Amino acid sequence: MIKEGTVVTLSYRLTDPKGTELDRADQAEPFHYLHGTGQIIPGLEKALTGALVGTKKQIVIPPSDGYGEVEAGLRTKAKRTQFPKSQELKVGMQFAADVGEDQPVVYTIIDVTPEEVELDGNHPLAGVTLHFDVEVLGIRTATPEELQHGHAHGAHGHAHDH
């Protein structure tokens, strides 16, 4: 049963409300995570708690339990001169900026003019209701090392990527 401290192996298909596929992990290349550590969005973690191997679920997650609502305060404009002249800037490009938080904020370029670059620091899926088709492929007890590190180390606990 999926509970805190278990490593879960999933296949899933993620779509938006229009049915457009946003992401997937299939049985050939499943997704592994350590349950209860915030490695997946809160709504998905809540919906999977207590599930058994073989469970298939369709889960709809509102933005509040996913990547949050769009925050206008995370949109900003920068002068084009703040970017290297040689750098071609295009809508959709992403880059990280250190804004004094624990981790850098990832910004997506949403508009470019000769004078300004409009940036959005919201997660690309902020404000989107997420639709998951999930199958639980495996559940195992996390190793002491995985619990200490706060993440899964592969399907059998020995593949550690840094």
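Here the structure is a predicted model, which is why all the values come from computation and not from measurement.
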### Message
Tell me whether the count of non-hydrogen atoms from other residues, nucleotides or ligands lying under 6.0 Å of NZ in Lys3 goes above 12.
### Response
no
### Query
salt bridge (Lys or Arg N to Asp or Glu O under 4.0 Å): which pairs involve residues 123-138, sequence neighbours left out?
none
### Query
Among all residues two or more places apart in sequence or in another chain, which pass the side-chain hydrogen bond (donor to acceptor under 3.5 Å, both in side chains) test with His123?
none
### Query
Thr49 and His35: side-chain donor and acceptor closer than 3.5 Å?
yes
### Summary
Sequence neighbours excluded, the answer for side chain to side chain contact (heavy atoms under 4.5 Å, CB included) partners of Ala51 is Ile2, Thr55, Val136
### Message
Quick check on the hydrophobic clustering: are Leu48 and Leu14 connected, directly or via other members, by side-chain heavy-atom contacts under 4.5 Å?
### Response
yes
### Transitive ILVMFWY side-chain link Val106 to Phe95, under 4.5 Å
no
### Task
Following the transitive rule for hydrophobic clusters with a side-chain heavy-atom cut-off under 4.5 Å over Ile, Leu, Val, Met, Phe, Trp and Tyr, establish whether Tyr107 and Val128 coincide in one cluster.
no
### Query
Got Ile41 and Phe132 here, is their nearest side-chain heavy-atom distance under 4.5 Å?
yes
### Residue list, side-chain hydrogen bond (donor to acceptor under 3.5 Å, both in side chains) with Thr6, at least two apart or on another chain
none
### From OG1 (Thr108) to CD1 (Ile110), nearest 0.5 Å
8.5 Å
### Task
Treating Ile, Leu, Val, Met, Phe, Trp and Tyr as nodes and any side-chain heavy-atom pair under 4.5 angstrom as an edge, say whether Val60 and Leu22 lie in one connected cluster.
no
### Summary
Residue pairs passing the salt bridge (Lys or Arg N to Asp or Glu O under 4.0 Å) test with at least one member in residues 12-21, sequence neighbours excluded, are Arg13-Glu21, Glu21-Arg24
### Message
Does atom CD (Glu29) have a neighbourhood of more than 12 heavy atoms from anything else shown, all under 6.0 Å?
### Response
no
### Task
Rounded to the nearest 0.5 Å, what's the gap from CG on Leu130 to OH on Tyr12? Could you check?
11.0 Å
### Query
Should Asp111 and Val117 count as side-chain neighbours, where that means a heavy-atom distance under 4.5 Å?
no
## Note on the structure
Members sharing Leu52's hydrophobic cluster, built from side-chain contacts under 4.5 Å between Ile, Leu, Val, Met, Phe, Trp and Tyr, are Met1
### Query
Taking the six-membered ring for Trp, are Tyr33 and Phe31 parallel (under 30°), tilted (30 to 60°) or perpendicular (over 60°)?
parallel
### Task
Using side chain to side chain contact (heavy atoms under 4.5 Å, CB included) as the criterion, list what pairs up with Thr81, not counting sequence neighbours.
Lys79
### Query
Which distance, rounded to the nearest 0.5 Å, do you find between the CD1 of Ile61 and the NE2 of His131?
10.0 Å
### Task
May I ask you to list the residues sharing a hydrophobic cluster with Leu137, side-chain cutoff 4.5 Å, ordered by chain and number?
none
### Smallest separation among heavy atoms of Gln94 and Pro124, with atom names
NE2-CG, 3.5 Å
### Task
Measure the CD1-OG1 distance between Ile139 and Thr9 for me, rounded to the nearest 0.5 Å.
9.0 Å
### Task
Quick one: list whatever passes side chain to side chain contact (heavy atoms under 4.5 Å, CB included) with Glu4, sequence neighbours left out.
none
### Message
Can you list everything that forms a side chain to side chain contact (heavy atoms under 4.5 Å, CB included) with Pro84? Sequence neighbours excluded, please.
### Response
Ser86, Gln87
### Query
Any chance the side chains of Thr113 and Glu116 put a donor and an acceptor closer than 3.5 Å?
no
Using a 3.5 Å cut-off and no angle test, enumerate the donor-acceptor pairs between side-chain atoms of residues 63-76 and protein atoms at least two apart in sequence or in another chain.
{"unit_1": "Asp65", "atom_1": "OD1", "unit_2": "Lys46", "atom_2": "NZ", "d": "3.4"}
{"unit_1": "Arg75", "atom_1": "NE", "unit_2": "Asp120", "atom_2": "OD2", "d": "3.0"}
{"unit_1": "Arg75", "atom_1": "NH2", "unit_2": "Asp120", "atom_2": "OD2", "d": "3.2"}

### Query
Which residue pairs pass the salt bridge (Lys or Arg N to Asp or Glu O under 4.0 Å) test when at least one of the two sits in residues 87-96, sequence neighbours left out?
Glu88-Lys90
### Query
Donor-acceptor pair, Glu45 side chain versus Gly36 backbone, under 3.5 Å?
yes
### Query
Is Leu44 close to Val134 at the side-chain level, that is, under 4.5 Å between some pair of heavy atoms?
yes
### Task
To the nearest 0.5 Å, tell me how far Lys57 NZ sits from Leu10 CG.
11.0 Å
### Task
Could you tell me which non-hydrogen atom of Glu146 sits nearest to which non-hydrogen atom of Leu34, and how far apart they are?
O-CD2, 3.6 Å
